[in-house]
Asker: 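Quick one: the structure is below, questions incoming.
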Amino acid sequence: MSEHKVYPVPESVAARAHVTQAEYEAMYRRSVDDPEGFWAEQADRFLDWFEKWDTTLDWSFEGDVHVEWFKGGKLNVAHNCIDRHLAEHAEKTALIWEGDEPDQDQHITFRELHEQVSRLGNVLKERGVSKGDRVCLYMPMIPEAVYAMLACARIGAVHSVVFGGFSPEALKDRIQDAEASVVITADEGVRGGRKVGLKANTDKAVDQCPSVHTVLTVRRTGGDIGWNDSRDVWYHEAVEAASADCPAEPMDAEDPLFILYTSGSTGKPKGVLHTTGGYLLYAAITTWYTFDLQPDDVYWCTADVGWITGHSYLVYGPLANATTSVVFEGVPSYPDASRFWEVVDKHQVSVFYTAPTAIRALMREGDEPVTKTDRSSLRILGTVGEPINPEAWEWYYHVVGKEQCPIVDTWWQTETGGHLITPLPGATELKPGSATRPFFGIVPALMDTDGHVVEGEGEGALVITRPWPGQMRTIYGNHQRFVETYFSAFKGCYFSGDGARRDGNGDYWITGRMDDVLNVSGHRMGTAEIESALVLHDAVAEAAVVGYPHDVKGQGIYAYVILVKDAEPSDALRKELVNLVRSEIGPIASPDAIQWAPGLPKTRSGKIMRRILRKIAANELDSLGDTSTLADPAVVDELINNRVTG
Ligand code: ATP
Ligand code: MG
């Protein structure tokens, strides 16, 4: 790779930041030398407890795998995200809702949030929902989605949010797996000017879900919907009739808070279970330090509440810190490619957190949609979801952030509850493409293929050797699968499934999923590195690289390449791309086959599903696997029809 650029911490950022580099080092050391002392202090500082816990930590990553934090402690998540702020911040804006159309928005104060959540909590109780019962949320990005999550937390019900873009089939599977008794939805969702029949999808799903006795429907558009008197209830009617007095249920720190299914990039989604105390603490503390939250921040995470990012960094983390959080109903390209930046200007957003897939898509449209906006309110930029190519990072930094905003490249997973490896704005030198350093209390290690620890500079499977408060406790209803998936590959360690490289300064570079690592003539290579080389070319917007069986090399390299708007495929371009990879990485990384692709199969959360690309490259078309979480299944057929042979 070409020499890595380093962006030092700007003095202006370090001056007001929560931690400087020296403070980070000291605090990190403390957090791993005395984890129980460290986390007990943070739990006192970040959360409000009804009753103190008995034991700070009880855990094992071997044998009877279990993790328990703050057992015996009593608290309530909604109380922590709302009630305790009322004394000082009742009239502060908790949520800014920005509708799909640019002229629609709404500010909701903490006082209003309290009332809405309390009323809905009572509605759920009246419908027979009690502590531990599961409630499924299938909602557009409207304030009611946040009310619903917090209402469940308030009464001790366990929510399972299912992304509103999923099909009735996917919804049905998730309702059945969790045995939810209530579904909260809307008549229709609106995204990018198009309507989505959420209630119609819910009806189809619920017809096959005997556990569901109530469907609560928010009236978002007033569109025509079917109605079943025995189970359908209008949200607004029920909420108006309910009392606004709903005491927050004292929950044990280890009581379940929610179930959330992973994106399904690698196979059948897993029902990840998170609990109350440890999860909330971890969401709160990571939001505070990673984004260096300031009291007057307007914080915008563009993720949907259907993903873990929407849970930890749109709802729980910001609200636990009494931060104003933006809820955006629309998409980055509607009405045009300036939308994100116009919203930033309109609401004076200071912290902005999005995914590489959105950055790459916007980069394709050129600089003008960005530069015509002001964006001077921005202070911190963040990214999550996939490795970010240095090319996209630089664009985000220079064009979007005008070289004024540190970028936090946060590595984490649904399973981890919050950031595990991430820069901190006032403490960490930035390297485009590197997630840099572990967060407080996180002890990562790299393992080689024999299960030995890689010391110093090197590459391997990324594991975590010590427990942290935000980690998942089990796969709902399948503890065995939990143990096998995460704790069997490397004895005594949590295995993330991802690979990483550690450089000479101790900074981590996520190389992608281990399944995606290539082995070409005995050389192991991450797909992310080759993809980053390909997108350096001006004509390339996006690239996905996979291995396929090759007689001589073991594995050949197959690259799917998407060109920018005005570029044309040609043999000359193909040669240029091969040469570019050779010069950036070396001849060993030269693609054997390049397919010009109109698009890539992506999960609904925007991640490239490489396992499908691998099957196409290998010509194993009858075993594509679970495609239920694909955003646009039609792309798969187009790719199959234009397959090239290497
Ligand atoms: P499934 O587990 O069902 O296959 P998924 O892994 O895509 O789906 P998520 O939990 O949403 O589900 O995503 C976590 C994964 O996303 C990580 O394991 C990693 O591969 C990738 N990822 C997230 N953030 C980053 C980042 N900053 N850099 C590199 N990769 C990242
Ligand atoms: Mg995963």
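If you're wondering where the values come from, they're calculated on a predicted model, not measured in any experiment. Both counts, for ligands and for their atoms, begin at 1 and track the order of listing. Just the heavy atoms: all of them, side chains too, but no hydrogens, waters or symmetry mates, feed the values below.
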Asker: Give a yes or no on whether a salt bridge exists between Lys607 and Glu386, defined as a side-chain N under 4.0 angstrom from a carboxylate O.
Answerer: no
Asker: Which one holds for Lys270 and ligand 1: side chain close, backbone close, both close, or neither close, with close meaning a heavy atom under 4.0 Å?
Answerer: side chain
Asker: In terms of residue, atom name and distance, what is the protein heavy atom nearest to atom 17 (C) of ligand 1?
Answerer: Asp498 OD2, 3.1 Å
Asker: Can you figure out which of Gln413, Lys607, Met609 has its heavy atom closest to atom 13 (O) of ligand 1?
Answerer: Lys607
Asker: With a 4.0 Å cut-off on heavy atoms, is Ile308 in contact with ligand 1?
Answerer: no
Asker: Provide the number and element of each atom of ligand 1 under 4.0 Å from a heavy atom of Thr414.
Answerer: 9 (P), 10 (O), 11 (O)
Asker: Counting non-hydrogen protein atoms only, what is the nearest one to atom 24 (N) of ligand 1? Give residue, atom name and distance.
Answerer: Gly385 N, 3.1 Å
Asker: Heavy-atom contacts under 4.0 Å between Thr410 and ligand 1: side chain, backbone, both, or neither?
Answerer: backbone
Asker: Decide, yes or no, whether a salt bridge links Arg611 with Asp515 under the criterion of side-chain N to carboxylate O below 4.0 Å.
Answerer: no
Asker: Can you tell me which residue and heavy atom of the protein come closest to atom 12 (O) of ligand 1, and the distance to 0.1 Å?
Answerer: Ser263 OG, 2.8 Å
Asker: Determine, for Tyr261 and Arg174, whether the Lys NZ or Arg CZ falls below 6.0 Å from the six-membered ring centre while staying within 45 degrees of the axis.
Answerer: yes
Asker: Find all atoms of ligand 1 within a distance of less than 4.0 Å from any non-hydrogen atom belonging to Glu415, and give their numbers and elements.
Answerer: 10 (O)
Asker: Would you call the rings of Phe166 and Phe163 parallel, tilted or perpendicular, where under 30° means parallel and over 60° means perpendicular?
Answerer: perpendicular
Asker: Salt bridge check, Arg502 against Glu457: does any charged N sit closer than 4.0 Å to a carboxylate O?
Answerer: no
Asker: Which of parallel (below 30°), tilted (30 to 60°) and perpendicular (above 60°) describes Phe487 and Phe61?
Answerer: tilted
Asker: Consider every N or O of Arg513 and every N or O of ligand 1, then say whether any pair is closer than 3.5 Å.
Answerer: yes
Asker: Taking Tyr313 as the fixed residue, which of Thr287, Thr286, Thr410, Thr290 is the one that meets the side chain to side chain donor-acceptor pair (under 3.5 Å) rule?
Answerer: Thr286
Asker: Please report which non-hydrogen protein atom sits nearest to atom 29 (C) of ligand 1, along with the residue it belongs to and the distance in Å to one decimal place.
Answerer: Pro387 N, 3.1 Å
Asker: Tell me whether the rings of Tyr316 and Phe258 are parallel (<30°), tilted (30 to 60°) or perpendicular (>60°).
Answerer: parallel
Asker: How far is atom 26 (C) of ligand 1 from the closest protein heavy atom, and which atom is that?
Answerer: Glu386 O, 3.5 Å
Asker: How close does the nearest protein non-hydrogen atom get to atom 7 (O) of ligand 1, and which residue and atom is it?
Answerer: Ser265 OG, 2.5 Å
Asker: Start with the C-alpha gap between Ser350 and Asp297, add the side-chain angles, then the distance that decides, and say whether side-chain hydrogen bond (donor to acceptor under 3.5 Å, both in side chains) holds.
Answerer: CA-CA 6 Å; Ser350 51; Asp297 270 331; 2.6 Å; yes
Asker: Tell me the contacting part of Trp307 for ligand 1: side chain, backbone, both, or neither, using a 4.0 Å heavy-atom threshold, strictly below.
Answerer: neither
